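Scroll down for the structure; my scribbles are underneath it.
One is the number of the first residue; the rest follow in order along the sequence. The model shown is predicted, which means the values in this text are computed figures rather than measured ones.
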Amino acid sequence: MVGLRLSFVALALSPYALAAITVQKPGLSVPSEFAASKDAVKELFTNAFSAYTKFAFGHDDETQYGADLGSIAVTKSFVDELGGWGASIIDGMDTMKIMGLDDLFEQALNFSQFIDFSETDTGDTISVFESTIRYVGGLLSVYELNGNQPQFLVDQAESLAKKLALGFTGSSPIPWNSIDFGANQAVTGSDQTSNVAQAGTLTLEWSRLSEYTGNNTYRELAENAVKHMAQLTPPLPGLPAQDIDPQSGDFVGAYVSWGGGTDSYLEYLLKYSRLDPTVDPLFIQTWQTAVDSSIKWLHKTSTVGGWSYVADFQDDRQIRHIGSHLECFLGGNWILGGKLLNNDTILDIGLKLTDACFNTYVGTATRIGPEVFAFISEVTTQPPNGTDDGNFTGTPITAENLEFNDKHGFYIFDGESDYILRPEVMESNFYAWRVTGDVKYLQNAQSVIESYNKFLVVPGGEGGISGIDDVDNTTITDDTRVDDQESFLFAEVLKYLYLTFDEPSTLSLDEWVFNTECHPFRAPAIDTFGSPPPANPPYNAQKVAPPTVPLPEISQNPKLSKALRMVVT
């Protein structure tokens with residue numbers, strides 16, 4: 001393809017087309033001994049949503065403590081960080097439909113009809129990315145799950161997207177990520193550098209919106225941003241720099257990661273190609289090349305336990321031996337791609353990555369995984385022009401780190417021991433179950449339910465579910481809880497857990513594609529997938545001088561200090 005400046009190593013990828021493609025294991029069923037687990041997940045959902053309804057209904061998230069950090073019995077409140085349009089309701093609405101919670105679903109459906117997306121009372125700028133994956137994705141997913149009705153769901157999604165489209169301004173096809181709703185303009189400026197995940201995670205939602213509105217502008221805007229990024233010269237073939245300047249359209253620095261800031265850009269290259277098999281082959285080719293590069297240069301095996309990880313790659317071309325909860329979507333993404341491309345290499349590594357991420361749960365006292373973890377692998381020389389000492393993370397390794405690593409094959413990265421209700425480990429575990437039928441993945445999900453009930457359900461019967469500051473400490477107090485019941489608890493964590501135990505015909509991976517917030521979209525049946533890989537132009541790796549800024553956030557953690565949280569009233 002003209003202009004595609006990517007390299008590709010064919011040996012790592014098997015034939016790209018497959019007749020009568022199926023992803024799920026045929027004839028799969030959930031053994032009867034796991035039947036109670038589905039009800040246990042539904043109970044977690046209803047209890048958490050009951051707390052939200054009582055203390056925060058109509059707002060974005062419920063909080064346990066409010067701004068005053070008083071007794072949890074009297075200060076339960078809410079926080080509006082997503083426009084104040086009821087993110088937990090819209091994020092959880094399709095989960096209600098799937099779980100058969102009809103009363104809650106009808107209440108949420110009625111609420112969604114009267115949201116005014118033309119303005120926000122929060123005083124905050126609005127994220128194009130977050131609003132797309134939660135609100136636009138949530139509304140359109142419910143529209144499909146509910147038999148393509150009622151029409152107001154599409155109308156509401158478009159009313160928001162019209163405002164979000166203001167982010168596409170100037171000469172670059174890369175959107176600014178924040179919109180000033182009062183001024184009806186993007187928040188621009190030299191300090192508004194975006195990242196490729198924010199700019200490249202609109203295609204599923206905006207293309208589906210174009211389909212239902214007949215306005216192809218949404219699809220074109222989203223596609224053009226991704227095409228632009230895919231055709232920039234990357235630090236490693238197929239793997240973009242994490243940060244990008246919406247003004248110039250150029251990468252900022254050359255930091256490479258499958259974690260926060262890059263994750264869903266790479267995720268959507270594959271999923272958009274599956275959702276619409278007629279799209280430009282550049283999308284799937286770029287994903288294939290990114291996987292190929294990752295297998296060659298970033299895929300590592302721990303010296304303890306033989307666990308599989310994918311490392312980060314710094315501006316100075318040094319391997320950084322870290323992973324994150326956000327990055328743990330990677331296993332499920334590679335499992336899906338491996339099946340679609342009939343590529344056992346990608347599939348097998350995806351399963352190993354899934355097992356390694358779940359091991360970060362098994363290795364902690366609460367059996368819940370940390371926000372960021374690190375690992376030690378064998379020393380290798382990494383082309384092109386890279387270095388790998390087997391343990392570099394940017395932070396010195398302590399004796400305590402080494403002791404933990406000797407037991408578990410990973411260690412908790414400095415200051416990143418918290419868990420804020422992230423879904424990615426359960427997401428990959430769900431894909432692994434649906435593809436292999438191995439009951440160990442059902443047992444994994446059971447373990448998560450047990451840990452949630454034991455450590456994350458706030459005591460008192462009406463407190464909902466909270467994250468915790470330290471996953472390796474079983475003494476949970478009010479002060480060690482993370483004061484935010486995130487909307488993605490309803491959209492992702494509990495949906496992935498529920499679907500793991502539900503009949504596999506429910507939202508089959510052969511018929512549906514999940515957006516990055518776990519909102520499902522119906523996908524067509526396909527007999528072939530993928531396209532011939534691009535030609536092999538020589539890749540001239542160039543060492544890029546690192547910018548004079550700290551290391552990027554491995555995992556973009558929205559957690560706020562309880563003492564600093566502002567509750568909008």
Side-chain angles (χ1 to χ4, degrees), residues 45-46 48-62 78-122 124 126-128 130-166 179 181-182 184 202 204-215 218 485-492 494-495 515 517-522 568-569:
F45 184 100
T46 54
F49 200 80
S50 176
Y52 167 79
T53 299
K54 185 171 184 179
F55 301 110
F57 191 85
H59 296 278
D60 291 335
D61 297 342
E62 185 230 352
F78 59 83
V79 63
D80 285 325
E81 295 177 334
L82 295 162
W85 298 311
S88 290
I89 298 172
I90 305 304
D91 244 358
M93 188 159 47
D94 57 356
T95 309
M96 299 169 192
K97 180 72 174 178
I98 293 163
M99 289 183 173
L101 299 171
D102 296 339
D103 290 344
L104 289 181
F105 176 75
E106 291 299 327
Q107 179 189 48
L109 193 64
N110 182 66
F111 174 86
S112 68
Q113 184 175 6
F114 298 102
I115 300 173
D116 183 359
F117 284 118
S118 68
E119 60 183 15
T120 175
D121 295 329
T122 63
D124 296 330
I126 301 301
S127 166
V128 174
E130 295 288 358
S131 300
T132 291
I133 65 173
R134 302 191 198 216
Y135 291 112
V136 178
L139 290 165
L140 295 179
S141 178
V142 170
Y143 179 73
E144 293 194 7
L145 287 168
N146 204 47
N148 285 23
Q149 61 177 335
Q151 177 62 34
F152 70 71
L153 292 169
V154 175
D155 297 340
Q156 286 287 67
E158 185 175 26
S159 70
L160 176 56
K162 284 179 178 178
K163 297 277 279 193
L164 301 179
L166 295 170
I179 307 297
F181 265 45
N184 279 318
L202 310 176
L204 269 66
E205 299 84 0
W206 287 34
S207 66
R208 199 45 57 102
L209 183 61
S210 284
E211 179 180 338
Y212 291 134
T213 62
N215 183 348
Y218 303 113
Q485 184 174 269
E486 299 273 3
S487 75
F488 52 69
L489 169 73
F490 301 112
E492 300 185 76
L494 299 179
K495 188 186 292 128
N515 88 335
E517 194 79 0
C518 197
H519 297 308
F521 294 118
R522 189 176 293 279
V568 180
T569 56

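- Between Y52 and F49, the angle of the ring planes lies from 30° to 60°, which puts this pair in the tilted group.
- Taking both residues in full, the closest heavy atoms of N215 and S210 are given as O-OG, 2.6 Å, listed atom of the first, atom of the second, then distance.
- Rounding to the nearest 0.5 Å gives a distance of 6.0 Å between CG of D61 and CG of L82.
- Here S112 contributes atom OG and Y135 contributes atom OH; the two are 12.0 Å apart, rounded to the nearest 0.5 Å.
- Separating the CG atom in L160 from the CG atom in D155 is a distance of 13.0 Å, to the nearest 0.5 Å.
- In plain terms, the two heavy atoms of E517 and S487 that are nearest each other are OE2-OG, 4.3 Å.
- Looking at heavy atoms from C-beta onward, L164 lies in side-chain contact with I126 at the 4.5 angstrom threshold.
- Side chains of L104 and M93 form no contact here, defined as non-hydrogen atoms less than 4.5 Å apart.
- With contacts defined as side-chain heavy-atom distances shorter than 4.5 Å, the pair K97/V142 does not qualify.
- Looking at D60, its side chain does come within 3.5 Å of a backbone N or O of G86 through a donor-acceptor pair.
- V154 has its side chain out of reach of L139: every pair of non-hydrogen atoms, C-beta onward, lies at least 4.5 Å apart.
- Classification of the F181-W85 ring pair by plane angle, with boundaries at 30° and 60°, yields tilted.
- Between E158 and Y218, the side chains place a donor N or O and an acceptor N or O closer than 3.5 Å (distance only, hydrogens not considered).
- When all heavy atoms of K163 and S118 are compared, the pair lying nearest together is NZ-O, 3.1 Å.
- Closest non-hydrogen pair, A48 versus L489, comes out as CB-CD2, 4.1 Å.
- Taken from CD in E106 to CG in L109, the straight-line distance is 5.5 Å, to the nearest 0.5 Å.
- Among the candidates I133, D91, L140, the single residue satisfying the side chain to side chain contact (heavy atoms under 4.5 Å, CB included) test with H519 is D91.
- The neighbour count for N110 CG, taken as heavy atoms of other residues, nucleotides or ligands under 6.0 Å away, is above 12.
- Of the possible polar contacts, none joining the S131 side chain to the V128 backbone as a donor-acceptor pair under 3.5 Å is found.
- Taking the side chain as every heavy atom from C-beta outward, Y212 and Q151 never approach each other to under 4.5 Å.
- In this structure the side chain of R208 reaches within 4.5 angstrom of the side chain of E144, judged on heavy atoms.
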Point to revise | Pair F45-K495, side chain to side chain contact (heavy atoms under 4.5 Å, CB included): steps then yes or no | key: CA-CA 9 Å; F45 184 100; K495 188 186 292 128; over 6 Å; no

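- Side-chain N or O atoms of D80 include none that pairs as donor or acceptor with a backbone N or O of H59 at under 3.5 Å.
- Closest approach of S207 to L204, counting heavy atoms only: OG-O, 3.2 Å.
- Expressed to the nearest 0.5 Å, how far OG1 of T213 lies from NZ of K162 amounts to 9.0 Å.
- In this structure, F490 and Q485 have side chains that are in contact, with non-hydrogen atoms separated by less than 4.5 Å.
- Under the ring pair (Phe, Tyr, Trp, His ring centres under 6.0 Å) criterion, F152 pairs with no residue at all, not counting sequence neighbours.
- Two rings, from F55 and F78, have their centers 6.0 Å or more apart.
- Taking OG1 of T53 as the reference point, atom CD1 of I89 lies at 7.0 Å (rounded to 0.5 Å).
- When atom types are taken as modelled, the side chain of S141 and the backbone of F521 share no donor-acceptor pair closer than 3.5 angstrom.
- Looking only at atom types and distance, the side chain of Q156 has no donor-acceptor partner in the side chain of Y143 under 3.5 Å away.
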